[in-house]
Amino acid sequence: MMQENIRRSSGYLSWLTSYGIYAVLLLLVVVFSLGNSQFLTVDNVLLILQQASPLGIAVVGMVFVLLGSGIDISVGASMFFVSTVAGCVLNASGVIPAAWLTDIRGVALVLGMVLLLGALIGWINGMLVTRFRILPFIVTLATASILKGTGLKISGSASIGVAALGDLANGRVGPIPNVLILFVVVLIACDYVLRRTVYGRHLMAIGDSARNAERTGIKVNRNIVASYVICGVLGTLAGILSAGQIGSVSAGFGEGNEFIVISAAVLGGTSLFGGKGSILPGAVIGIILVTTIMNGLAMMNASPFIYTIVRGLIIFCAIALDSMGHQGELR
Amino acid sequence: GKQQGPKVVTLGLSCDSLESAWLVMNHSEVIKEAKKRGVEVIPVIAEGDAAKQNVQIENLIARRVDAVLCIPKDSSAIVKSIKNCKAAGIPIVMINRSVSGKVLPDVQVIANNQTMAENVLQSFADRARRNGKTYNVVLLIGNLSDENAALRKAGHQKAIAANPDVFKLVAEVPTEWNLDTTLKGLQNALQANPGANLIVTPSDYLWPPIRSVLEQRDRWAKLGDARHFPVVSFDGDEVGMQYLQDGYSWGDAAQDPVVEARLAVEWALQLIAGKTPPHNIIYDEGQIVTIDNFKELGPQVWSYSLLK
Amino acid sequence: MSDTALRLAGVRKAFSGVPVLHGLDFALKKGEVLGVTGENGAGKSTLMNIIGGVLRMDAGTMTLFDEPYAPCSPAQATAKGIAFIHQELNLFTNLTVAENMFIDGFPTNRFGAIDHKKITSIAQQAIDRFSLPVTPATKVADLSTGIRQMVEISKALLKNARIIIFDEPTTSLSSREKNALFHTIGELQQRGISMIYISHILEDIFRLCDRITVLRDGRIAGTSPAAEISENELIKRMVGRELSQIFPSIEKTISDTVLLEARHLKWRQRVKDVSLKLRAGEIVGLYGLMGAGRTELAKVLFGVEQRDAGELILNHRLMAQVSPSACIGGNAAFITEDRRSEGLLMSKPVDDNLCLVKSADLTNRLGVVNVVERARHNREAIKDLQIRVVDPATQLVSSLSGGNQQKVVFGKWVMKDPKIFLLDEPTRGVDVGARFEIYSIIMDLAKRGSAVLFISSELQELMGVCDRILVMQEGRLTGEVPKAEFDQEKLLEMALPGPALT
Amino acid sequence: MHNPSSDCQRKVWSIFREMPILPLLIVSFLGAIAGVPYFCTVGNLRNYLLQSSDLLIISCGLTFVVLNGGIDFSITSILTLGSVAGAYVMALSPLAATPALSIPVAIAVMMGIGLLVGMVNGLAVTQLKMPSFVATLATQLVVGGLAVQFTSMVSATSSIAGLPEVFFVLGGEGRFFFVPILIAVAVWLFSWWLLERTLFGQWVYAIGVNPKASFISGLPVKRTIVGLMVLSGVCAGLASVIATARNGVGMSSLGDKMFLTTIASVIVGGTNTSGGHGGVMHTLLGVLFITLLNNALNLLGVGWYTMMIVLGGLILLSAMSTHLLNSRAGWTWKKGQASDV
Ligand SMILES: Nc1ncnc2c1ncn2[C@@H]1O[C@H](COP(=O)(O)OP(=O)(O)OP(=O)(O)O)[C@@H](O)[C@H]1O
Ligand SMILES: Nc1ncnc2c1ncn2[C@@H]1O[C@H](COP(=O)(O)OP(=O)(O)OP(=O)(O)O)[C@@H](O)[C@H]1O
Ligand SMILES: [Mg+2]
Ligand SMILES: [Mg+2]
């Protein structure tokens, strides 16, 4: 047990492994700003933060699930599902009064409905995981398939405009994007929950050893279900914001987001085996790194073909640096 | 439990995916047309996976459909299915994406993507040259494993290269036919190239993120407004045509899903009846609709009736 | 009002149809320390788990301070004033000491936030009570097993319990900490708290307890006041037969062949310049206080950790690269102190565990394992070591009692007939009968010419079994005592940190 | 005590408990025969087996990784890069003129790519201590990106056609339909033998449960993990050969959508993602089940959306039945372990 936490104590390496991901980020920033003077401008930094915010919110939710040694790969599909539902409600005349569509009430109503739906999806995932003792991977794989299919059935696979959400998702308070403000609020609130509340500590304990937690009298099932509910709510919130930014929901919306979200969480130091990880700074730094790569490559006018290659290489290097000093799980 | 009633003609319809409005329209038109003619349709959708499409067509053959209609994902990979159909003696009709080479389907109903892409941009160039304007182009690129995307990209690039006095290509943005990728890519490209002043998109499908980005940069404005940002598009679906009519877009290369669907069903039935078509390729001529000719050509485009 | 704190009547429990407890009657008096002992698998932990609300009984009744008592969960048991220190440690390594102490009942403020000031100060008091070398904010992952056990005990003591159950609490404590714990138990008794103390170390039981209950095969084999029963009688009750001696005596000779030699081994700050020799036929004890670095030394010897400096000669061969597989190749074996995470595949059946090392010898050139041979070896090991298992092919190791799990680890290595045997606390949590068997195995191996390094925190057994005892203190060997000069006081003194030896 | 019929019953129980997908597979198969038109025709059953074959090969490889508690996302990109690189060798390279030479070279290249990527994954996991989840996600991005880049360099379109006709035999063209089926069966038998009969197999299970204890017991932990990542890569390379031959072209989109199907086959079969439990027997059933679903629902003309819903529902159902079977059979020691997960 002990040895797992002792990092190799030789100077450079230990520094590099503790701050590896920051080092990578810093290096990227230097390279990108040398490549294009537009990179290190306030506008562009705000742009990166704005782009990172919706998925960042989902990463926060994912951290909860991962900490309780679960995983939720239905995030992308539930983003699609709820955005589709929201789009249908917003577009179907007569469902909500027409006047509402143009003001905040309609958006608030849809938002409330969507978050409820997200909570429900999370609750179902959580119940299946805890009551039936099905592996989270399987449960969420299955619910992802069901959500995607249902969403497609509702939309008939066509794109649905969600322009009504544009003000929320693209608006700004002064120079600060709304989504960024929301992201920061979610971050602070969730970090507080994780570090300071009984729930947060219990979840960490469950992630360390569910069996011990059970014996200690912690309500293991209830806490795990709650983590899926949080993930569901934050995931759907992220979905709505992302859809609002785009202005439309198409059949491919959300696809693959689960992997971006999970890899951002892992980049930020959250373990896939539970009990280890953080929201601040972990979740934040992970998603910002992923977003910065894409922005920077565009800034460098890189060939579109190499985007995925470079992204893969950078993720590889960042995680390699981060893992080097650890006694890894070898899995 | 197989029922041997009076034999109903059954068509298999294999569609690459149903992502864009154009494809959805085309898909439902085929089914509508078939129903109108009292023909049953078994639709399968390959979710953008060429290998899966081949498997699904295999299943359709096993199901003994009378003919296969197909919007191929990959024009080379589909050759396998063409061979399978031939071996089983079932006619196969391509819609929207062409196949070339030794093994050809019985009929192909297609639009010429590369030429249309080239033409729509060329007509923009001609106008710009008349007005003495030059443009820094941001070119959106579809998913490159999609034949049509590759052809449209080639067409666009050809037009850009042919008019060096008008166009300068400043950024290529890969979209992977994913709206979120498009949004972020375009945001980044415009941030990186403040001088960019023309967006060329390979599909009307990408309009929502284009609009969103322009709105954020306060450039979403009609023609004539100083903030206007010109866009040239492809497909001619209702969104693209609407924006053309409203003055956000400068031109659209419209291909017609309704015509292509009707032609395809028509020819499938002819083939079942034993007729052979005069040519292997039956073209959907398409329209290059621009702000200059919208009044005459606009009404001929399939989506015109849907406009507000 | 009776004087019983807790009474159990007719308690039955079966696991998948196999009865483990057969209608027990059991009573704990107010303010007494009741010793409970019995062979491995006798059902002690099962019984305590029922009292602690972890398991539910199939039949029977419980009465707690004259009220009917039927806990459905550990939380309910805690609420009724029962604190339980489990045999297997129950801490969360990713949380701090303070958080662990309050994990099942955090004090919170108005906003639902944990009152960190409060838990830190209370935890500090608990730490001070045993003067543990930790702070409330230390992560449990950074603690040694022994300190973890102390934290676990402190945690239970915090709960103002009326009844405290200790299930083998001293398995990784040094004698100093043990003394501190016993002192505390005495204090608690003064305050009128009743305690159940489970242990295999009879010496401790006699020292601490007022009465002693012996469990055998899921039945009570007798309860007597400690003063009225002798150690021999107790053992007879436990194993059902006379056990004439605690340590087997076997005639063996120590040859001059050195099988393992270490020269100036260094590893981080934990092993400092250690040199030692093990001879064929020799059993060498390694004694030291908790944290002295014995485990690390053994791990470095076996290549689990890579040494920073020094030489290792195994079976006359200078090892360039030391790794477990290289050591096994040199016919060495290593029983680790943490069997759950380092010794066993907990979620695999007994069979798969037993043959883990041996299988490599039972393969043909294609790498195919000879299944028949494998099964034969497994059966033999189960018989030789008397492992209590229903169906070795399907029963998971995790369902065995602690002692039987240890026997499985033993079986895994003994099958290889090792020439060099490193044992790190091999008898931890093992009952007297089984201990005798383990000592016999060790001595038998030595008789046949193996060299044994026997790490233990119990001087008694070291003095009973070893030919020579090495003493370790803060990473250094501070003494070597031959059999003739064994003396408890002297050995303890060598182990204690002092200015004398540097 | 010894009652043969109850003994037999127990055996059946234990098989069902081990492989909860089995009853479901049997029921669905019977259902398909009874209710799906054209299912039970020679042509379709041939299709069914053919369609299972490449999935079985790639799933067998993945099973090894999942048994170690890991995951391998890179398999789909190996399919892709293998496909275009192999096609390049056979259709565009100087070797293309002599199929007798180009085909073996192409096959070697395709499997070699799998081997190489598997090796990189393995070393990343063992030497750099990266979790396989991210390591293989990263290699998937890189290798998949390379495939698209490569295709765009050598071909104007997204695929490379013009492969020699002989090569299609490997894809089961015409009367050679048995070839890929035989290859798949061979791969499966080999994997089964490896896992159940050899020392390597024992190591895989042991390391999957507890790498630390395995290391101390002298097992070559790192070599085994590299070995199973390589196996997974090579299997993907072989699947790439067959899929390429089946589709007749090298495609830069081959495998794009394959990952979920593959992982679904492995885990629906009952191999546990936390490592150490399951096997290729399970995977075979999983593959047969998933392919059966796709095949039967196609024949029924069930829509794409409905199919996704049904698929998800059935995955849940099979997993739930595991739970129900376990609690019915009352083998508590299994359950004790489940709560530990
Ligand atoms: N969850 C379980 N499933 C099946 N059998 C079990 C389970 N838990 C314990 N047993 C069996 O019950 C018996 C009693 O075990 P218990 O742990 O109570 O023994 P113990 O007296 O505490 O032994 P030790 O001194 O070794 O700790 C053993 O034979 C054990 O194998
Ligand atoms: N200052 C320290 N820094 C790092 N680790 C420490 C430190 N002090 C103690 N430890 C840890 O404490 C544990 C106790 O040491 P070790 O296990 O070597 O002692 P031991 O003599 O074997 O005693 P026992 O096995 O009885 O606990 C080790 O795991 C070691 O990693
Ligand atoms: Mg016990
Ligand atoms: Mg120790």
Part of [X] within contact of chain B (heavy atom distance under 4.5 Å):
X: A:Thr291; result: neither
X: A:Ile246; result: both
X: A:Asn36; result: side chain

Please tell me whether [X] and [Y] have a donor and an acceptor in their side chains that are separated by less than 3.5 angstrom.
X: B:Tyr205; Y: A:Ser250; value: yes
X: A:Gln51; Y: B:Asn188; value: yes
X: B:Gln216; Y: A:Gln50; value: yes

B:Val170, part contacting chain A, at a heavy-atom distance under 4.5 Å |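 Backbone only.
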
How many angstroms lie between CG in B:Asp180 and OG in A:Ser242, if you round to the nearest 0.5 Å?
-> 4.0 Å

Any chance you could measure A:Asn44, atom CG, to B:Gln187, atom CD, to the nearest 0.5 Å?
-> 10.0 Å

In terms of heavy-atom pairs under 4.5 Å with chain A, which of B:Asn193, B:Val213, B:Ile45, B:Asn178 leads?
->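 Top option by heavy-atom pairs under 4.5 Å: B:Asn193.
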
Among B:Thr182, B:Leu23, B:Ile210, B:Val24, which residue forms the greatest number of heavy-atom pairs with chain A at distances under 4.5 Å?
->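 Most heavy-atom pairs within the cutoff with chain A belong to B:Val24.
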
Salt bridge (charged side-chain N to carboxylate O under 4.0 Å, His left out): which pairs involve residues 250-268 of chain A, sequence neighbours left out?
->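 Checked against salt bridge (charged side-chain N to carboxylate O under 4.0 Å, His left out) - neighbours excluded - the pairs reaching residues 250-268 of chain A are A:Lys148-A:Glu255.
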
Non-hydrogen atoms of B:Ala189 and A:Ala298 that approach each other most closely | N-CB, 4.4 Å

A:Thr41 and B:Gln191, any side-chain heavy atoms less than 4.5 Å apart | yes

B:Lys184 versus A:Met294: any side-chain heavy-atom pair under 4.5 Å?
-> no

